[in-house]
Protein chains: 4
Amino acid sequence: MQPRKAEADRTFIETARRAQIVDAAIDTIAEVGYSRASLGRIAARAGISRGLISYHFTGKEELITEILRGVIEQSRAYMLPRITAQSTGPGMLRVYIESNLTFIREHRNHLIAIVEIARHRIAEGAPRGLPDHEPDQAVRALAQLLARFQKSGDLRSDFDPRAVAIAIRAAIDVAPARLSADPQFDIDSYAQDIIQVFDLATRTAD
Amino acid sequence: MQPRKAEADRTFIETARRAQIVDAAIDTIAEVGYSRASLGRIAARAGISRGLISYHFTGKEELITEILRGVIEQSRAYMLPRITAQSTGPGMLRVYIESNLTFIREHRNHLIAIVEIARHRIAEGAPRGLPDHEPDQAVRALAQLLARFQKSGDLRSDFDPRAVAIAIRAAIDVAPARLSADPQFDIDSYAQDIIQVFDLATRTAD
Amino acid sequence: MQPRKAEADRTFIETARRAQIVDAAIDTIAEVGYSRASLGRIAARAGISRGLISYHFTGKEELITEILRGVIEQSRAYMLPRITAQSTGPGMLRVYIESNLTFIREHRNHLIAIVEIARHRIAEGAPRGLPDHEPDQAVRALAQLLARFQKSGDLRSDFDPRAVAIAIRAAIDVAPARLSADPQFDIDSYAQDIIQVFDLATRTAD
Amino acid sequence: MQPRKAEADRTFIETARRAQIVDAAIDTIAEVGYSRASLGRIAARAGISRGLISYHFTGKEELITEILRGVIEQSRAYMLPRITAQSTGPGMLRVYIESNLTFIREHRNHLIAIVEIARHRIAEGAPRGLPDHEPDQAVRALAQLLARFQKSGDLRSDFDPRAVAIAIRAAIDVAPARLSADPQFDIDSYAQDIIQVFDLATRTAD
DNA sequence: TATGAATGAGGATTCATTCAT
DNA sequence: TATGAATGAATCCTCATTCAT
């Protein structure tokens, strides 16, 4: 759905309300799961009326899309500078995984929510809303990074960057659910372990 | 919940119908996603009335549980002998990944469906029905395998078997969704790639 | 509904089955209440298939009517001779109440069932099936008895026999429900108490 | 179950709608009986949509409980002052019966409805919602009254107050159904008749 | 006779959405 | 801006009944 208004036209209050609703929606999805996250429950958590959500968002879909957009934007803002600061292949890979999992640890609910949303969007074959089918985009970007370092001889050249990108993203994307379902899951040591896995798997034999 | 009848008491027709319904449910879930897979849609696909599903299954939950049970059983039957036939760590790992992905390729919808179901069950915190919270069980079994070969010196000992198991399962479990969403995804070459990833990551340095 | 066959045409087996079904229905109604007493549950209790009930009875209504008919017949057979054996007004009244409550005590479920049925029939304004709206018939018969003894000077003449009949029947008809809901309810001493109540209320002042 | 909101928080419109729905439910139950009184029929009678009932009440049970609560409250408000104004045993008893039946006459449908509801609640063994299993409470209160006057020598002491209370309540509770099923039933003269019955049965011999 | 199979109606509930105020 | 009110669709489930074997 297209937004109710162009972003630029929004008043201060409107922007604040949208943010408040988005936050409530994230927490609700993280707590009760996507399919039980009705507008009623989201409104209740935000302490506002059901109607107000409809007032600020064209429909449920716009709200969901907004969540996605926001979280992706934040995560990019956090990770991109860190990743681009690295100049070696192994370094980039380490920081990529590390910054992803750190961001997940510090934004648990946000990530639980978008993973939930992504699954539903994929499952229901509705990749509209985002210009490009979200999880794929992340895979593609990572694959490009890998390919670049393969070319420069900084990573092994005998693997398909796309396949490995899928595996890395899978290992990362599984973390939010783990985090919420398994109290013993230690995301930091998990990070170190999979950094080693993909480091060994992609590092050139010296 | 509990089945309408003990399995042994079922008529030929009853068994056939149950199977037909289970199949229709699998295809429906694979096509429209878990949350849109209503009994009505499942019945429509099977070409039967809504009531007939209720006649053969105590409730939606029994149907879902039956799907899970069936697919897990089939996949075990397919993979277990292949995996246990291997005596070396790397061999086991290769066959584990390979047989999983082969099974996925040959039972696309089945796997799409159970991954969908598993997500929902996790998300809604209701892992009842199956003795043990399904995806975890798979992780745990794989972790045990890895640990065993670590102890026998057949795999590196400097990684947490549980963490690596999670990563391997993630790489496998992501395949069904890929398969259905991305027409260019080549599961066989993906298999070879991730076999190499985890082989390099776990193989002892000679 | 009219019965499937004239009573005379029934084979031995048919008669036995009908009786078995009627018994199962009585126990089911007594246990789970009228509205939860589905044909499925009745069949299950009888250990037969759902279809068989439909084979022996035109519909649920015929079954229910049959229960009513049977229990009323039995209760008449038990009570009538006892009541008509009495020649005085007070004696008749005592035996009327006593034999009713004794019959109730000895046929708990049967009585619970028909009271349940009667309520539903009244409530749903469907007094068809029986030539005459059941509870009314009992009231009317009792009122006639009372009136007869009033005329012969054997009971007070300053009460409306119909009103008192209603009150007596109410005191009796309430017993089955009490019996099943209140474990401390002692039907025998209750009988003595209400015998005294209606004796004092109707006895001529000597 | 528990109401959607605390009673104090309700809007004017909300209060009015709830009352309207309760009224429609009472009339529907009185007309077609408890088990046929579906939310659909109730909504139709109220001239509103099915969903609106769910909007104002948590579920069917809350609606039913609300009916019970309301009618009991009204009937208490009507009867209690009249009964407690009496100081003698026979006087109390007369006013008890009289006020009950007057209230019934003036609130026909209300009483038909709550008797219907009470039966169902008893039959299905689910006396929750109300603090105490309703009909029993009425019996108990009356039994206490009777016992008090027995002790003070104002009523015969040779009857069980509980048994007589059951009989009196039965005579009263049967009136709503009579009223609706039997057009010739004259509740006022019925009142006078059973007042005499229980007066004669409990009055001390002077 | 008896069963299992199948249907379709009806019922309670949840929910996204619309609208008047 | 914000709310409460209201709707109607969708969903799961139960059930009486019908029918072929």
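Proximity note for His56(D) (side chain, C-beta onward) versus dA6(F), dG4(E), dA2(E): the nearest is dA6(F).
Considering only residues two or more places apart in sequence or on other chains, Ala43(A) meets the side chain to side chain contact (heavy atoms under 4.5 Å, CB included) condition with Ile48(A), Arg50(A), Ile53(A). In this structure Ser180(D) satisfies the side chain to side chain contact (heavy atoms under 4.5 Å, CB included) test together with Arg108(D), Ile112(D), sequence neighbours excluded.
Atom-to-atom, CD1 of Ile53(D) to P of dT13(E) comes out at 10 Å; the value is rounded to the nearest Å. When the P atom of dA5(E) is taken as reference, atom CZ of Phe12(B) falls 11 Å away, rounded to whole Å. The CZ atom of Phe57(B) sits 15 Å away from the P atom of dT14(F) (whole-angstrom rounding). Atom CD1 in Ile21(C) sits roughly 12 Å away from atom P in dT1(E) (whole-Å rounding). Rounded to an integer number of Å, the gap from Leu52(D) CG to dT7(F) P is 5 Å. One interatomic measurement links the two molecules: CZ of Arg10(A) to C1' of dT1(F), which rounds to 15 Å at whole-angstrom precision. Tyr34(C) has its OH atom 13 Å from the C1' atom of dC15(F), to the nearest Å. Protein atom CZ of Arg18(D) is 15 Å distant from nucleotide atom C1' of dG4(F), rounded to whole Å.
Within the structure, salt bridge (charged side-chain N to carboxylate O under 4.0 Å, His left out) contacts touching residues 8-17 of chain B (residues at least two apart or in different chains) are Arg4(B)-Glu14(B), Lys5(B)-Glu14(B).
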Atom pairs and distances, side-chain donor-acceptor, residues 22-29 of chain D, under 3.5 Å, sequence neighbours left out:
from     : atom 1 : to        : atom 2 : distance (Å)
Asp27(D) : OD1    : Asn109(D) : ND2    : 3.0
Thr28(D) : OG1    : Ala24(D)  : O      : 2.6
Thr28(D) : OG1    : Arg45(D)  : NE     : 3.2

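Of all non-hydrogen atoms in Ile21(A) and Leu52(A), the two that sit nearest each other are CD1-O, 4.4 Å. Of all non-hydrogen atoms in Glu62(A) and Phe57(A), the two that sit nearest each other are OE1-CA, 3.3 Å.
A salt bridge between Glu7(D) and Arg18(D) is absent, with no side-chain N of the basic residue lying under 4.0 Å from a carboxylate O of the acidic one.
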Quiz item: Can you give the dot-bracket line for DNA chain F, using ( ) for pairs inside the strand, [ ] for pairs that cross earlier ones, | for pairs with another strand and . for unpaired bases, where Watson-Crick and G-U count if both distances are under 3.5 Å?
Solution: .||||||||||||||||||||
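Between the CD1 atom of Ile67(D) and the CD atom of Glu116(D) there is a distance of 11.0 Å, given to the nearest 0.5 Å.
Checking the phosphate oxygens (OP1, OP2) of dT3(F), no side-chain nitrogen or oxygen of Thr11(D) falls inside 4.0 Å.
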Quiz prompt | Sugar-phosphate or base contact per nucleotide [nucleotides 14-21 of chain E; S, B, -; heavy atom under 4.0 Å] | solution = BSSBB---
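The residue Glu14(C) sits apart from the nucleic acid: no heavy atom pair falls under 4.0 Å. Nucleic acid contact for Ile13(D): sugar-phosphate only, since backbone atoms but no base atoms lie under 4.0 Å from a heavy atom of the residue.
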Practice problem: Dump the intermediate steps for side chain to side chain contact (heavy atoms under 4.5 Å, CB included) on Ile114(D) and Leu111(D), then the final yes or no. | Solution: CA-CA 5 Å; Ile114(D) 74 163; Leu111(D) 270 294; 4.1 Å; yes
